[in-house]
Each structure stands twice: as C-alpha cells, then as structure tokens.
Amino acid sequence: MAVASYFYPPLARYASDARRSRGRLVPEPASPTRTEFHRDRDRIVHATAFRRLKHKTQVFVAPEGDHYRTRLTHTIEVAQIARSLARALGLDEDLAETLALAHDLGHTPFGHTGEDALDEVMRAYGGFDHNAQSLRIVTRLERRYAGFDGLNLCWETLEGLVKHNGPLLRPDGGPIARYAERGIPVAILEYDALNPLDLASHASAEAQAAAIADDIAYDAADIDDGLRAGLFTLDDLGADVPMAREFLAEIRDRHPTLEKSREINELTRRVITRLVEDIIGEATRAFGDLNPQSVEDIRGCGRTLVQFSPEIRDYDAGIKTFLFAHVYRHPRVVPIRRNAGIIVRDLFAAYFEHPRTMPPQWSDGIEALDEARRARRAADYIAGMTDRYAQEEHRRLFAHTPDLR
C-alpha cells in the first residue's frame, strides 16, 4: 500500500523529496501512512535520548525556576521555527522538523559546560563533540528495535544531522578549519566509512533551515531567560543591541504602561519575527540567483543559502556578544558552570577507573575493551545523563557534591 498523495504537499524543485530518499542503512518496508521523513520524526520523538532533554540544562540561569528553558523546550522552539522557514521556502517540513528535534540529542548534562568538561577529559581518546554524539545515539546507542541498533534513520536525516552547520571536509579532502587541529570526530568518520554522507558537500536546504532556526531560538530564548532571571535589564540590552533598542522604542511608544513581563515577551517575539522574515527574504533571493533545479544543486553550490542577510548577521553577532558577557559569563552563572564541570570530570574519573560502578548494561564486557573504548563507554554513559541524575550519581560516589544553585 503506497502512501497517499496528500501526504506529499507541493515542494520547490530544490527541496528534499521523501519519495526519492537515498534510504536507510537497514532496508525496511515503507509505511502506508507516513512518508520516510515523517517516520524519522516519530522515531526521534519516541527515543529515550529525546525524553531526557526535559531534564538537561539549556543555559545556567536560575535552574530552580520552572519557566526557564530546558534542552527540550529549546528543541521544540527550534522545531517550530524550522517548520515555519520550511513552509515559507517550499521545503519538506517533516525533514526540517526532524533535524531540529534531533540536533541536540547528543548534548551532555549541564549544557555546554558539561560538553566542555567531557571534551577535556576525553582529549586523549578523540575528544567529545555533541554533533558526533547525536549521530552516535541515532546510529548505535538507542536500542529500541529488534532488527538494528540506533533508529535506522534516512540518509537525508543523518546527512543533515552531521552537516547542518556546513561541510566537514574541504574540496581537497582535508578537514575544514574547525577540525583542522584535532580532526573530524571518530564517530562521524566511522559511520561515514559504513554509509558515506558526502562530508565535503553542503547539506540540504532543510538542514540549513534547522541550523539557522537554532540560532534564532538561542537568541530569543536567552534574552528572555536572562531578563526574567534578572541578569540584565531591558535598558542594558537596548544600550548595546541596536535591534533591541529599536523594538523597545516601538513597544514603549505604543504601550507606555505595559508591565515588564509583557514588555519582555513583546521584545522577544519581535526579535524572532525580524530574524525569520530576514532569512526568508535572503534565502528566496539566494535561490532565485542560483536557480537550483534539485537538492543536489543545493548540496553542490559551495555555500550556505538559508542564512541571514549581512545586516542582520551583524545584529545577530551583537546579540551573541551581549549574551556572552551578560549571561554566560555573569558572576552568578560562572560558579554554577564551574561546579557543573567538576561533577562531570569527577564522574568520568570514577567510571574510567572503576567501570563496575556503572550499571551492568554499561559495564558488562568492559574489561575486554582497550583504554580508548573504555573511555568512550564512560563518556557515552555520562553524556546520556540528565542534570538531576548526574548530581545523584555524584552524591552516590563522592562525599561532597558541588552546589548548583
């Protein structure tokens, strides 16, 4: 039974077409009710790693609060923006949403602080990279299906997961600048040897939409959370970020007596709208100039097409500079991040030296592994933890656990 035609809305010529997917590593019968990309989205939503995002930090701002973003709520916001961009640009919405939902599966507990700490202790064993860990999760670590490890996702989903920020290799085959010193993560190279992902080409427009949606969600959410946490004021933001200054003047002119919470919401929604509209306009112009006839034209054009205009790119850089100084390096946040790093490093040392302190499903057979594989096993276990579980494990193994409040 074939999937009904109404499951395939009209798409641009350069969109990814689920009917022409390069398929799955382990062949499976087609679904009679879902496209291949729709099926991938469902598998991610049901994955254990996806549920754990509920209790993983997005940014360290007042973690005791119920209304601040977690890694899961951030992911949902990215997915919503990615779908909006895909619809406006004639792309496959299911693939864009799938990539948005999967893009943070490999994140450690405690946000980027946890990733930095795990990368530090894994430096001698290939390091730790959350994008590579996301690939590792969906191709190996999730164990839900009888016929294969991982989720057995479509080639297009895996390609977008690995390359949503651009190619990993230069045209001459060498790693791009980001990987020049340490090389491409082993997990990516191992999978690419099994099922080549064309690491020197760009990803689909859907993957590019998911990547830029992540940027938008970060900007708006971290402004919102930072303001509500009292790390800076609206006037601080307006003084340093021209876009915010423009929006605040507009809001205060139209609504001079608006309470602070609504003023914050009005600001953040205007930021999202401005960035989304800019990307739609810029991408539409880029597609018009290139006139791509297929998704392969997108992959082979040598540049990212779904991106900000130069003017908004400068605004975006200004927002990130402001947030770095006023949120990520705020005096209230820095001690929390430092203590979170201690927890991750302590856990790694404990599991590496005494692997039987991990549960049987993680420690069974570990004595037969070489040092690098033992380290990777410990890193996989830690990376999958929620913030809460990592703290509980630290309390179980150590006499004193740093305070994260």
| query | Is it true that R20 and E156 make a salt bridge, defined as a side-chain N closer than 4.0 Å to a carboxylate O? | reply | no
| Would you say N195's side chain and W155's backbone share a donor-acceptor pair under 3.5 angstrom? | no
| said: Under the rule for side-chain hydrogen bond (donor to acceptor under 3.5 Å, both in side chains), what residues qualify as partners of D297, not counting sequence neighbours? | reply: none
| query | If you look at every heavy atom in G106 and I137, which pair is closest and at what distance? | reply | CA-CD1, 3.8 Å
| query | Between L231 and H326, does a side-chain contact (heavy atoms from CB on, under 4.5 Å) hold up when you go through it step by step? | reply | CA-CA 7 Å; L231 301 184; H326 290 79; 5.8 Å; no
| Spacing of Q208 atom CD and I212 atom CD1 [to the nearest 0.5 Å] | 9.5 Å
| request: Ignoring hydrogens and angles, tell me if any N or O in the side chain of H255 forms a donor-acceptor pair with the backbone of I251 under 3.5 Å. | output: no
| message | As a quick check of understanding, evaluate side-chain contact (heavy atoms from CB on, under 4.5 Å) for M122 and F348, giving each step before the final call. | response | CA-CA 9 Å; M122 284 292 293; F348 179 83; 3.6 Å; yes
| message | Around atom CZ of R87, are there more than 12 heavy atoms from other residues, nucleotides or ligands closer than 6.0 Å? | response | no
| query | Do L85 and I81 have side-chain heavy atoms sitting under 4.5 Å apart? | reply | yes
| said: So that I can tick it off, tell me whether E263 and K260 are bridged by a salt bridge, with the cut-off set at under 4.0 angstrom between side-chain N and carboxylate O. | reply: no
| Hey, does the side chain of D387 reach the backbone of F110 with a donor-acceptor pair shorter than 3.5 angstrom? | yes
| Below 4.5 Å, heavy atoms only, C-beta onward: do L169 and P167 meet side chain to side chain? | no
| request: Apply the test side chain to side chain donor-acceptor pair (under 3.5 Å) to residues D116 and T113: give CA-CA distance (whole Å), side-chain angles for both, the deciding distance (0.1 Å), then the verdict. | output: CA-CA 5 Å; D116 292 344; T113 299; 5.7 Å; no
| query | Any donor and acceptor pair, going by atom type alone, linking the side chain of R39 with main-chain N or O of C154 inside 3.5 Å? | reply | no
| Between I298 and A205, which heavy-atom pair has the shortest distance, and what is it? | CG2-N, 3.8 Å
| query | For T357 and A350, which heavy atoms make the closest approach, and how far apart are they? | reply | OG1-O, 4.0 Å
| said: As a quick check of understanding, evaluate side-chain contact (heavy atoms from CB on, under 4.5 Å) for F148 and E28, giving each step before the final call. | reply: CA-CA 11 Å; F148 46 80; E28 297 182 60; 3.6 Å; yes
| message | So that I can tick it off, tell me whether K320 and D316 are bridged by a salt bridge, with the cut-off set at under 4.0 angstrom between side-chain N and carboxylate O. | response | yes
| In a check of side chain to side chain contact (heavy atoms under 4.5 Å, CB included) between T98 and each of H103, R41, R43, which one passes? | R41
| Quick check: does any side chain N or O of T304 sit under 3.5 Å from a backbone N or O of V306, one acting as donor and the other as acceptor? | no
| remark: Sorted by chain and residue number, the side-chain contact (heavy atoms from CB on, under 4.5 Å) partners of T48 (sequence neighbours excluded) come out as R51, R52, E142, R144
| said: Is it the case that the side chain of H164 and the backbone of L161 share a donor-acceptor pair, with hydrogens and angles ignored and the cut-off at 3.5 Å? | reply: yes
| message | Using 0.5 Å steps for rounding, measure from the CG atom of L99 to the OG atom of S134. | response | 11.0 Å
| query | With no hydrogens and no angle check, is any side-chain donor or acceptor of D192 less than 3.5 Å from a backbone partner on L197? | reply | yes
| query | Just by distance, with hydrogens left out, do D236 and T233 show a side-chain donor and acceptor under 3.5 Å apart? | reply | yes
| Is E159 paired with R22 through a side-chain N to carboxylate O contact shorter than 4.0 Å? | no
| query | Does some side-chain heavy atom of F322 sit less than 4.5 Å from a side-chain heavy atom of I223? | reply | no
| Is the NZ or CZ atom of R374 positioned over F352's six-membered ring, under 6.0 angstrom from the centre and within 45° of the axis? | yes
| For R140, does the CZ atom sit with more than 12 other heavy atoms under 6.0 Å from it, leaving out its own atoms? | no
| field | I279 and I216, any side-chain heavy atoms less than 4.5 Å apart | value | yes
| request: Calculate, to the nearest 0.5 Å, the distance between atoms CD1 and CG belonging to I188 and N131 respectively. | output: 6.5 Å
| query | Where do A79 and A100 come nearest, in terms of heavy atoms and distance? | reply | CA-CB, 3.5 Å
| Backbone of A217 reached by a side-chain donor or acceptor of E77 within 3.5 Å | no
| request: Just say parallel, tilted or perpendicular for the rings of H74 and Y218, cut-offs at 30° and 60°. | output: tilted
| message | Are V276 and T273 packed together at the side-chain level, in the sense that at least one heavy-atom pair is separated by less than 4.5 angstrom? | response | no
| query | So, are E266 and R269 salt-bridged, with charged N and O less than 4.0 Å apart? | reply | yes
| Beyond-backbone contact of V138 with T157, side-chain heavy atoms, under 4.5 angstrom | no
| message | Go through it in stages, so that I can follow the logic: the residues are D278 and S309, the test is side chain to side chain donor-acceptor pair (under 3.5 Å), and I'd like the CA-CA distance, side-chain angles, deciding distance and then a yes or no. | response | CA-CA 7 Å; D278 178 78; S309 67; 2.6 Å; yes
| message | Using 0.5 Å steps for rounding, measure from the OG1 atom of T108 to the CD1 atom of I382. | response | 9.5 Å
| Does D40 reach the main-chain N or O of L153 with its side chain, forming a donor-acceptor pair under 3.5 Å? | no
| message | So that I can tick it off, tell me whether E393 and R396 are bridged by a salt bridge, with the cut-off set at under 4.0 angstrom between side-chain N and carboxylate O. | response | yes
| task | Describe, in one word, how the ring planes of Y381 and W362 are oriented to each other, choosing from parallel (under 30°), tilted (30 to 60°) and perpendicular (over 60°). | result | tilted
| said: Main chain of R356, side chain of S363: is a donor-acceptor contact present, judged purely on distance under 3.5 Å? | reply: no
| message | Can you confirm whether more than 12 heavy atoms, excluding those of R123, are under 6.0 Å from its CZ atom? | response | yes
| request: Please lay out, stage by stage, how R377 and M358 fare under the test side-chain contact (heavy atoms from CB on, under 4.5 Å). | output: CA-CA 10 Å; R377 183 81 66 88; M358 294 189 291; 4.2 Å; yes
| Can you tell me how far the CG atom of L91 sits from the CG atom of D17, to the nearest 0.5 Å? | 12.0 Å
| Could you give the distance from CG (D240) to CZ (R245), rounded to the nearest 0.5 Å? | 8.5 Å
| message | Is any side-chain heavy atom of L105 closer than 4.5 Å to one of F50? | response | yes
| message | I'd like to know if D198 pairs up with R299 as an ion pair, taking the criterion as any Lys NZ or Arg NE/NH1/NH2 lying under 4.0 Å from an Asp or Glu carboxylate oxygen. | response | no
| Basic-acidic side-chain contact under 4.0 Å: E246, R274 | yes
| More than 12 foreign heavy atoms under 6.0 Å from CZ of R313: is that the case here? | yes
| query | How far apart are the closest heavy atoms of A213 and A82, and which atoms are they? | reply | CB-N, 3.6 Å
Name the atoms and distances for all side-chain donor-acceptor pairs under 3.5 Å in residues 173-183, with sequence neighbours left out.
residue: R182; atom: NH1; partner: D119; partner atom: OD2; Å: 3.0
residue: R182; atom: NH2; partner: D119; partner atom: OD1; Å: 2.6

| query | Do I336 and R332 come within less than 4.5 Å of each other through their side chains, counting heavy atoms only? | reply | no
| message | Can you give me the closest heavy-atom contact between P331 and P335, atom names plus distance? | response | O-CD, 2.9 Å
